[in-house]
Structure formats: C-alpha cells, structure tokens
Protein chains: 2
Amino acid sequence: MGMMKGAAALPLNAILDGDCVERMNALPANSIDLIFADPPYNLQLRGDLHRPDNSKVDAVDDAWDQFDSLKIYDAFTRDWLAAARRLLKPNGAIWVIGSYHNVFRLGAELQNQGFWILNDVVWRKSNPMPNFRGKRFTNAHETLIWASKGEGAKYTFNYEALKALNEGIQMRSDWMIPLCTGHERLKDEAGDKAHPTQKPMALLHRVLLGTTNPGDVVLDPFFGTGTTGAVAKMLGREFIGIEREESYRRIAEKRLAKVRKFDRSALEVTTSRRAEPRVAFGVLVERGMLRPGEQLVSARGATAKVRADGTLVGHDVKGSIHQVGAAIEGAPSCNGWTYWHFMRDGQPVPIDVLRQQIRAEMREG
Amino acid sequence: MGMMKGAAALPLNAILDGDCVERMNALPANSIDLIFADPPYNLQLRGDLHRPDNSKVDAVDDAWDQFDSLKIYDAFTRDWLAAARRLLKPNGAIWVIGSYHNVFRLGAELQNQGFWILNDVVWRKSNPMPNFRGKRFTNAHETLIWASKGEGAKYTFNYEALKALNEGIQMRSDWMIPLCTGHERLKDEAGDKAHPTQKPMALLHRVLLGTTNPGDVVLDPFFGTGTTGAVAKMLGREFIGIEREESYRRIAEKRLAKVRKFDRSALEVTTSRRAEPRVAFGVLVERGMLRPGEQLVSARGATAKVRADGTLVGHDVKGSIHQVGAAIEGAPSCNGWTYWHFMRDGQPVPIDVLRQQIRAEMREG
DNA sequence: GGGCTCAGTGAATCGCAGT
DNA sequence: AACTGCGATTCACTGAGCC
C-alpha cells in the first residue's frame, strides 16, 4: 500500500493517543484480526449546531435539531468504521456495542460498508439501574453486533469452547452478565468512578475467547480504561488501544501493568473435530485394522463390504464410506465415520474408534 | 383538523386488503393510537439448510420477503413508516419488530423521520431453533422498538399493570416468551403452518396491555393471520388490519370471529413458565471468581486445573467439572459442584458457594 | 387415564481444505 | 479462482401413539 518498511510493524500491546481515525489510518492495512469498539454516543454536539441561515427552528416538529445531530453522528460513525475496515484482515471480524440511542446507526452503517452481520448479541444486565420515574421499561440490556468483513468471508468462531463455557449447550445470542462494579470498577484519585461506561471483563472474556485465537491482534479504537486490553493480555492475545483522553490512558497503563497472562495450558480450549487432522478411511485398511472383504453394518441394519482401496460396496452402490451411507439412507449427506460399524466379539463398534486410535498415534509420533 | 365528516370514520375491527401504504394514506391523519408493525425481515437465505438428522429446515422463502437490495428495502421502509407517522395521533406510539437482518434499518429510519425511541425490547425465545452447523451463536432473540411520535411527545405507559404482570418487579427490556407453537399455531387446510412467522399472543398481550388503554385504536399494517387483532379484541381495544395476501386474510377473519373479549385462556397457556437457566461453571471463570490455571481439589485429594473455557484438566482427562470428577472416581456420574473445592486462606471451599453467589445476583437483578 | 417413547419443528443471512 | 469431495452438526417443546 505504498507503506514504508518499518511502518508495517504494529505497535503491539501499546496505547496510542490522539484521534482514532488518524491513528488507524497510520497503521498497515489488513493487519488486525479483531476489532472491538465501544464508541461514544453522547457526543454533546447539540450546542455546537448552527443552522446556516440562522433561521428559527420550526416548533411544530422538533426533529430538526435531532436530525442534524444524527447526521453528524452518522459521519463520525462512517469515518471510524471505514478506517477500521481497512485495518481488518480479510478473515477478520468486528464487534461493536451500543444502546438504542446509537446501535441502529452503527448496524445500518456496518451493512452499508459491506460488513456481514453474523449475530446481534444482547448483553442482559443482571443488575441494571431501575427506571426511577416509571415512565419506560427498565433499560436492562445493551446490544453487540458481530460482523465479518463481507458475505462469504471466513471468521473465527470457537464453537466448542463456547459450548463448554455454557455447560455443554450451544451459546445463545443473549448473555446474562452483571455490570462492572465492586473491585473491578476502576476509581480515580478522588475515589469516583474513573470511566462512566467501563465494561465488565466477563463480557470481553466471552467475546475474545469465542472469536479470536491465542496470538491474534485485537484493536480497540475507543480504549477507555482498557478492559479490552486487560482481557486480551490475560487470554494471550495481543492488543492495540487508541484513546484520546490522557486521564483514561494513564489509568489503563497502570491497570495493564498489573495484569497477568494465564498459563498456556489453561488457554488451551475445547476444540471441535473439524480442527483434528483428517484421516483417510483407506488408512485403516492399509494398517490392517479392517480387512478387505470385511463387512460393515449400520445401526439400522444396512451392510457394505470393504474394498482394498478404502471404498465400500453396498447393494448397488460403491464409493466412499460417506457416499455409500448417504445413498443407502437416501440422504443428502452422511458421516460415514459414525454411520458404519465393524463387528468385534459379536458387538458393533463404530469405525470412528479406529480413527481415534490413529489420531492418538499421530499426536504421540 | 379540516377533515370532512365521513372521511374521518375509521374502519374499526376490519381487515383491509391491498398495499399497506395506499391503504394507510386513505385513512384520516392523526387518528390512530398505536401502530404495531411486523414488516418483512428481508432474510437473505442462500442454499438449503439441513438438520444433523438430514431433515430439511422449512425456511422463510416467501416472495413477500424478497428484496433486490438494501436500497430497495430502505425505500420500502421509508414509505410505510411515513404513512404510519401521518396516521398516528400526536400522543400515539409505534412498535416495530425485526431481527438483525432488518432491525438496524428500521431503527435508523424511525430516528430519521423524527420518531423518538423510548425503549428497545428484546424478545428472548425460550425455545429457539438451534444453530445446526455450529457456525454462530444460536439466534435466540428478536428486537422490538417502541417509539413515540417525537421528542417530548406524550405516550401511554401502564407502569403498574406491567409491574403486576411481572410479579411486582418493574418490567425490564428483555422478555422471555416462547415461540408460537402447539394449538396456538394456525394451520391451513393441508395441516401445514398457515403463516411462516406467526407471533405469539403473549408478546402482543404485553405490548397492548402496557402501551394502550381500553378503547384505543391499534393498527397493524402487516396483519398476517391477525395476532394483533386477536389480542386487541381480547383486551377491549379496537383494531384495523391491513394484509395483502388473500389466504392470510381469510384465516385471520375466521380466527377473529372466534375470539371473545377478555378471553385470556390461550394467553395463560403460552406464558413462559421456564425458570432461569442453570448456572454454567464457565461463568465463574468468565467473571474472575476462579482464574484459568487455578487448581481445584476434591475432598479425597484429587486435583484438576481450570481452563479458560470452563473445562477442567485432570491427570489424563479433560471435560466438564462433572465429567472429570466422574472419571477420577471411576463413577458413572459425579456432581462437580460439590465434588470440587478451591483454596481460600489455606482452606478448601466448595465451588458451589460461588454458584450460590451468582444465583443471588440473578435473583436481585 | 397416566406415563412413556418417538417423531416433528421453529424468521437461518449455518464449510472448507486440497487441488 | 473454480471445482471436488470429505464429513461436521441440534435445543426445547409438542403431540400422537402405545402400553
């Protein structure tokens, strides 16, 4: 991209100051694995708005003021999202978080720029602030949007790890997590909360564990007091933070210095079979675990015979273990490893057991 | 409002056919108390989807949900929202419902037109369809947006009624309600579902009870099989439905003829009775109550290490707290919550103590 | 009738490595 | 870049049928 050598080096595990759009534009394109962004929505722009002709606002519909501040907010959103998009690797992803004040602008602009929404996720607060005046529903949630760089783009999703985190049931799009309070809530010198919207680490834990791998680079353009960086460090991910307020940067630096990374073994996470090395069925025959001519059976009584090249012959079909299984069942597809069984001591045993033996040997060897 | 007599007569408790924008424009301005709209979501489904058992998912592939581009969808949204806005009384309100495919377009356009968002509300589904391929989070919710006609406009909110409905606690912005299934789900002559996206009456019950008064006029421009009308009639509100598809209108007419005012029998069946889900061990890790890498011990001296995804690693075993406990004891099952202890001040403490802390938080929240 | 099993289903943007 | 073929993947609930 016409970038000088050296400029391509990412400032890992650092907090950059200044404007996030300028800072992002100075970093190399296609270099970031994940962006987590908690943009401000209360821009306090209203007082700065001036109508070009100084005319009076029509009192019938108070929407003018709102409309212009929306336009400014949209321009702000467009700029930082475009800068973020440029930084993302083709297989990277982005998370944004917002409330009903701004999340519809965020989601619409993500789609406008070609991001592909994967899920919207609801952070349900177990301890929200009540609605004191009793005029609305208790505002008990915020919304996160998770998006890949475009339709068809790959992305990281640690399905099994999240399923394990949720007691063996696949993780839903609504997450119950308490507000950041107590010892986790950072205080300034006066003992007041250091940042008005500090996010709980539990939220970032789930985001980073689920959608990044150890060693990935995570960028947060609205770093605040550094929750994204703290959790990234604990989980063995690299981070880059951008924050324009000096006081937040100072608190974040202090906080991050104290964070310890978890043991490497603790960061190893439950993986799916998809990540395991592939084993060809023919290898079982080659190694003598199954004999050519041996009969395999399905749970429902179908049979097929093993051939020397690792294909099967059923009644009127031949092909791979998967093809023959699918043909017999009249199904669009079939996992032959779990469908077919061989007989040992009069009992049917899934051939997947033999694959697992080979995989165990591969790990040791 | 300079309206001719006669033109002002609303077609109450009727289903109008044809295009909803034309129909709305033919009704008198400032005449409707509440609009509930469930517009097409513009799902962009590519191929077929099969369950792991190879059965095919019955997708929403109806022509009425197809739009050629986001731009065309936005124009559609702009048109019907403008027509809806014209109809609303100054103190009226609107509800729209959508999923991540379209709700950001809806919310942004509501704001563009000057509507004032009062809350976004999450319909949490107690029984959503799982994510069969394990590629994303289970899409377990939809989003409703509740908005008044503009900043400062009055609106109806029956705070105490909703509080009573919620066992004396302020109603939150996240509602757990099951899908519309069983006898409530309308069937066509062939016995198939009459409408692909019929909403549960419990959802409309909460909306109409909370944000209208008896005698109010409720308009639904995407009436479908008439859930809005049915609940309005039960609750003593007037309704106007607009529906393009003749088959849906016919079914709705039949359904509405059977509905009795204040007949709540169906609602009581469909209100969710499921308790809060169990606490996952992984949540203790996420929340920092236990640290990845930390060692747990059993009363008989066995040890295991906590991983970041809420699984344990023992000597030669990994899995859930229950699985690892059972493997170590050689038992068929094991209650990990009482089996495992963490060390505090040199003393072993059962991890169940931490679970009880989280349950207490959830009860309070 | 009660209790059990089994089959069915719900707004879904649902591969990927190797060649 | 397009093509080929392996082979991974589900939760809560309802209702019918059977004993």
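Only heavy atoms go into these numbers, but all of them, side chains included; no hydrogens, no water, no symmetry mates. Here the structure is a predicted model, which is why all the values come from computation and not from measurement. Note on naming: letters A, B, ... go to the chains in the order of the sequence lines (proteins, then strands), and numbering restarts at 1 for each one.
For B:Leu49, counting side-chain heavy atoms from C-beta on, the closest listed nucleotide (C:dG10, C:dA12, C:dC16) is C:dA12. Residue B:Phe132 has its side chain nearest to C:dC14 when only C:dA12, D:dA8, C:dC14 are considered. When distances run from any side-chain atom of B:Arg185 to the nucleotides D:dC6, D:dT9, C:dA11, the shortest one goes to C:dA11. For B:Lys135, whose side chain is taken as the heavy atoms from C-beta onward, the closest listed nucleotide among C:dC14, D:dA8, D:dC6 is C:dC14. Looking at the side chain of B:Glu142, the nearest of the listed nucleotides C:dA12, C:dT9, C:dA11 is C:dA11. Which of D:dC13, D:dC11, C:dA11 sits closest to the side chain of A:Gln170 comes down to D:dC11.
Listed pair B:His183 / D:dG15 meets the phosphate criterion, a side-chain N or O lying under 4.0 Å from OP1 or OP2. Remark: A:Lys154 is in phosphate contact with C:dA17, judged by side-chain N or O atoms under 4.0 Å from OP1 or OP2. Under 4.0 angstrom from either OP1 or OP2 of C:dG15 there lies no side-chain N or O belonging to A:Tyr159. One finds no side-chain N or O of B:Lys125 lying less than 4.0 angstrom from the OP1 or OP2 phosphate oxygen of D:dA12. Close to C:dG10, at under 4.0 Å from its OP1 or OP2, lies no side-chain N or O of B:Asn127. The side chain of B:Arg133 contributes no N or O atom lying less than 4.0 Å from OP1 or OP2 of D:dG7. OP1 or OP2 of D:dC6 sits under 4.0 Å from a side-chain N or O of A:Ser320. The shortest distance between the side-chain N/O atoms of A:Lys163 and the OP1/OP2 oxygens of D:dT9 is not below 4.0 Å. Taking only side-chain nitrogens and oxygens, B:Asn131 never comes nearer than 4.0 Å to OP1 or OP2 of D:dT9. Residue A:Arg273 has a polar side-chain atom (N or O) positioned under 4.0 Å from OP1 or OP2 of D:dA8. Distances shorter than 4.0 Å separate none of the side-chain N or O atoms of A:Gln323 from OP1 or OP2 on D:dG5.
If you measure from atom CZ of B:Arg46 to atom P of C:dC14, you get 8 Å, rounded to the nearest angstrom. When the C1' atom of D:dC6 is taken as reference, atom CG of A:Asp352 falls 14 Å away, rounded to whole Å. In this structure, B:Asn139 atom CG and C:dA11 atom P are separated by 11 Å, rounded to whole Å. For the pair B:Asp58 CG and C:dA7 P, the computed distance is 20 Å after rounding to whole Å. What separates NE2 of B:His50 from P of C:dG10 is a distance of 15 Å, to the nearest Å. Rounding to whole angstrom units, CH2 of residue B:Trp64 and P of C:dA11 are separated by 10 Å. Between the CZ atom of A:Arg172 and the P atom of D:dT10 there is a distance of 16 Å, given to the nearest Å. If you take CZ of A:Phe157 and P of D:dT9, they are 12 Å apart, rounded to a whole angstrom.
Nearest-nucleotide positions on DNA chain C for B:Leu43 and B:Pro130 put B:Leu43 closer to the 5' end. Along DNA chain D, the nucleotide nearest to B:Pro52 and the one nearest to A:Trp337 differ in position, and the one closer to the 5' end is contacted by A:Trp337. Between B:Val60 and B:Gly134, the residue anchored nearer the 5' end of DNA chain C, judged by the nucleotide with its closest heavy atom, is B:Val60.
The residue A:Val279 sits close only to the backbone: its heavy atoms come under 4.0 Å of sugar-phosphate atoms, none of a base. Residue B:Asp38 is classed as a base contact, given a heavy-atom separation below 4.0 Å to a base. Within the nucleic acid shown, B:Thr197 comes within 4.0 Å of at least one base atom, counting heavy atoms only. Within the 4.0 angstrom heavy-atom criterion, no nucleotide atom of any strand lies near B:Thr138. Nucleic acid contact for A:Ile117: base, since at least one base atom lies under 4.0 Å from a heavy atom of the residue. Among the protein residues, A:Pro277 comes within range of no part of the nucleic acid, since none of its heavy atoms lies under 4.0 Å from any strand. As judged by a 4.0 angstrom heavy-atom cut-off over every strand, A:Gly336 is placed among residues making no nucleic acid contact. Within the nucleic acid shown, B:Gln198 has no heavy atom closer than 4.0 Å to any nucleic acid atom.
A:Trp116 and A:Tyr155 have their aromatic ring centers separated by at least 6.0 angstrom.
Nucleotide D:dG17 forms a Watson-Crick or G-U wobble pair with C:dC4, both donor-acceptor distances falling under 3.5 Å. D:dG7: no Watson-Crick or G-U partner with both key distances under 3.5 Å is found in any strand. With a cut-off of 3.5 Å on both Watson-Crick or G-U wobble distances, the partner of C:dA12 is given as none.
Within a 6.0 Å radius of NZ in A:Lys305, no more than 12 heavy atoms belonging to other residues, nucleotides or ligands are found. No more than 12 heavy-atom neighbours from other residues, nucleotides or ligands sit within 6.0 angstrom of NZ on B:Lys318.
In the interface, the side chain of A:Ser333 is paired with the base of D:dA8 through a donor and an acceptor atom under 3.5 Å apart. Interface remark: the B:Arg51 side chain does form a donor-acceptor pair with the C:dG10 base, using a distance-only criterion of under 3.5 Å. Evaluation of atom-type donor-acceptor distances gives a pair under 3.5 Å for the side chain of B:Arg136 against the base of C:dT13.
With both ends at atom P, the span from C:dG18 to D:dA8 equals 14 Å, rounded to whole Å. A gap of 24 Å separates the C1' atoms of C:dA17 and C:dT13, to the nearest Å. Atom name C1', nucleotides C:dT9 and D:dT10: the rounded distance is 12 Å, in whole Å.
Ring geometry for A:Trp146 against A:Phe157 counts as tilted: the plane angle lies between 30° and 60°, on a 0 to 90° scale. B:Tyr248 and B:Trp64 have perpendicular rings, their planes meeting at more than 60° on a 0 to 90° scale where under 30° would count as parallel. Using a 30° and 60° split on the angle between ring planes, A:Phe104 and B:Phe104 fall in the tilted class, from 30° to 60°.
B:Trp123 contributes a side-chain N or O that, together with a main-chain N or O of B:Ile177, makes up a donor-acceptor pair within less than 3.5 Å.
Side-chain atoms of B:Arg136 and A:Ser173 form no donor-acceptor pair, as typed in the model, at a separation below 3.5 Å.
For the atom pair CG of B:Asp309 and OG1 of A:Thr270, the computed distance is 3.5 Å after rounding to the nearest 0.5 Å.
Glycosidic conformation of C:dT13 is syn; the angle stays within 90° of 0.
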